[in-house]
Participant: 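Starting off with a structure, shown below.
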Amino acid sequence: MDNLLEIKNLTKIYREGGQENKVLDDVSFSAAVGEFIVFVGPSGSGKSTLLNLIALLDGATAGKIIFEGKEILRLRETQKAKLRLNKFGFVFQFDGLLPEFTVLENVNMPALIKGRDKKKRAAALLAGLGMTDLAHKMPPSLSGGEKQRAAIARALINEPRLLLADEPTGNLDAARKIRIFEDFAALAAQGITVLMVTHDTHAAQYAHRCYKIEGGKITRMDLKIH
Ligand SMILES: Nc1ncnc2c1ncn2[C@@H]1O[C@H](COP(=O)(O)OP(=O)(O)O)[C@@H](O)[C@H]1O
Ligand SMILES: [Mg+2]
């Protein structure tokens, strides 16, 4: 399989009041096209830091991020913004849906930002996630799980190659969590590379590969058979 993403010797040190906090310590891994990789670690282990670096929202202390064969950490801001809009999709713990727009309008929003109306694709994405009946509802009337699935549809509207998910099931009950993990596995099967960070070890069994993140290092974890 082709590598979409290569992380090489990524290190992130936060310096505060003369103190050094090495949050990521020489982290390396690669992600193939259509691979679903999960990182599991407790609060404060550097999960969000890792995703924020890959999302190009923060700079690294050392290391490289190679996406589609090119180093991207040192691109100009405008190029980074283009990658975020065109190639990356984001799902966070909090859905970030705009309450005054319908679910369909929310899903279509990143396309409108690009100057393209993709209402049809938005409707198809919602249908694919079993959300057709909810397309014209307002987000506050949806359950937590439904909102999160709307956020996944929104993350997919611009056809990203890489989906970055930061604790996307943090607010959900067990059944709804499983549904989201299954959705991510299905997206990977369609060729999207999915990186998810979570403190939920259950997620491992839905992934192709799983790492534990601890003390700034990542180590491979066994996948349980489900
Ligand atoms: N902007 C920042 N400035 C200084 N320290 C930070 C910053 N962001 C995160 N940290 C520190 O980095 C460590 C890892 O944080 P984070 O990546 O948010 O962990 P997680 O997402 O696993 O809970 C924590 O000790 C946190 O306090
Ligand atoms: Mg976090």
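We number each residue from 1, following the sequence as shown. We count ligands from 1, going down the list as the structure has it; atoms in each ligand are counted the same way. Here the structure is a predicted model, which means the values were calculated and not measured.
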Participant: Kindly say whether F101 contributes a backbone atom to a donor-acceptor pair with the side chain of N106 at under 3.5 angstrom?
Facilitator: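 Answer holds: yes.
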Participant: Donor-acceptor pair, distance only, cut-off 3.5 Å: does the side chain of N158 make one with the backbone of N86?
Facilitator: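 No, the answer is negative, given that no donor and acceptor are paired below the 3.5 Å cut-off.
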Participant: Is the shortest heavy-atom distance from the side chain of I66 to the side chain of K8 under 4.5 Å?
Facilitator: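 Yes. Closest side-chain heavy atoms under 4.5 Å.
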Participant: Listing residue and atom name, which protein N/O/S atoms are closer to the Mg ion (ligand 2) than 2.8 Å?
Facilitator: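 Atoms qualifying: S48 OG.
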Participant: Taking 4.0 angstrom as the limit, do R161 and E68 come out as a salt bridge?
Facilitator: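 Yes.
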Participant: Using the ring of each side chain (for Trp, its six-membered ring), is F181 parallel, tilted or perpendicular to Y206, with breaks at 30° and 60°?
Facilitator: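 It falls in the tilted class, 30° to 60°.
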Participant: Which label fits F90 and F92: parallel for a plane angle under 30°, tilted from 30 to 60°, or perpendicular past 60°?
Facilitator: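 Answer is parallel, since the angle falls under 30°.
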Participant: For E214, is there any backbone N or O sitting under 3.5 Å from a side-chain donor or acceptor partner on S45?
Facilitator: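 Here the side-chain-to-backbone pair does not exist.
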Participant: Pick one: which of V197, V40, V27, L24 meets side-chain contact (heavy atoms from CB on, under 4.5 Å) with I213?
Facilitator: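 Between I213 and the candidates, side-chain contact (heavy atoms from CB on, under 4.5 Å) is satisfied uniquely by L24.
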Participant: In order of chain and number, which residues sit within 4.0 Å of ligand 1 by heavy atom?
Facilitator: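 Lining ligand 1 at under 4.0 Å, by heavy atoms, one finds Y14, E16, N21, V23, P42, S43, G44, S45, G46, K47, S48, T49.
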Participant: Please work out which of the three classes, parallel, tilted or perpendicular, describes the rings of F29 and Y211, given edges at 30° and 60°.
Facilitator: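 If you compare the ring of Y211 with that of F29, the planes turn out tilted.
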